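Just so it is clear, the structure is predicted and the values come from calculations on it, not from any experiment.
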Amino acid sequence: MQQTDVKSAHLDASGVAYPAPTRVRGFQLAPGGTAGEILFYDNPAAASGTVKLTLSLTTNLAVIASMIPGEGVRFENGVYISLPTDSSITIFYG
C-alpha cells in the first residue's frame, strides 16, 4: 500500500471538489435544514455520470463527520458533489 498525503476541499454549493483521479477518505458536512441527498459523481466537471456515494440528509442541523473505511472510495475521473440547498461539505481525499 502506498502512502498518500491527505488534502481537503470545501464546498458551500454543488461543484467540483477535485478534478482528477483520487480517493475520498472522509467528510464533514453541515446540513442547511433542507432534507435531500448529497451525491458524489465520478466526474471532473458536472453532476452526471456514475454516482459513487450517496448520503441522505434530514432537516436536522447537526454537523455530520465520518471517515470512510479502508482505502476510501475511488473516483477514476474526479469528484463532483451535488448538495442540497444551504448545505456545505468538506471532503478529505488523496
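His10 contributes no side-chain N or O that, together with a main-chain N or O of Ile91, makes up a donor-acceptor pair within less than 3.5 Å.
Note: the hydrophobic cluster containing Val73 also contains Leu11 (ILVMFWY, side chain heavy atoms under 4.5 Å, direct or indirect links). Under a hydrophobic-cluster definition in which Ile, Leu, Val, Met, Phe, Trp and Tyr are linked whenever side-chain heavy atoms come within less than 4.5 Å, directly or via other members, Val16 and Tyr93 are assigned to different clusters. In the hydrophobic clustering of this structure, Leu83 does not group with Phe92; members are Ile, Leu, Val, Met, Phe, Trp, Tyr whose side-chain heavy atoms approach within less than 4.5 Å, directly or through other members. Ile81 and Ile64 fall within the same hydrophobic cluster, where Ile, Leu, Val, Met, Phe, Trp and Tyr residues are linked whenever their side-chain heavy atoms come under 4.5 Å apart, directly or through other members. Linking Ile, Leu, Val, Met, Phe, Trp and Tyr whenever their side-chain heavy atoms come within less than 4.5 Å puts Ile38 and Tyr18 in one cluster.
Between Pro21 and Glu76, the closest side-chain pair of non-hydrogen atoms is not below 4.5 Å. Taking the side chain as every heavy atom from C-beta outward, Leu57 and Thr34 never approach each other to under 4.5 Å. No side-chain heavy atom of Asn43 sits less than 4.5 Å from a side-chain heavy atom of Asn77.
When all heavy atoms of Arg74 and Arg23 are compared, the pair lying nearest together is CB-NH1, 3.6 Å. The minimum heavy-atom distance between Tyr41 and Ala46, with the atom names listed, is CB-O, 4.2 Å. When all heavy atoms are compared, the tightest approach of Val63 to Pro31 is CA-CD, 4.3 Å. Across every non-hydrogen atom of Ala17 and Ala9, the tightest pair is O-CB, 3.4 Å.
Residue Leu61 holds its CG atom at 10.0 Å from CG of Asp86, rounded to the nearest 0.5 Å. Atom CZ in Phe75 sits 9.0 Å away from atom OG1 in Thr22 (nearest 0.5 Å). Atom OG1 of Thr54 sits about 9.0 Å away from atom CZ of Phe40, to the nearest 0.5 Å.
Of the options Ser14, Ser48, Pro44, Pro19, a side chain to side chain contact (heavy atoms under 4.5 Å, CB included) to Tyr80 is made by Ser14 and by none of the others.
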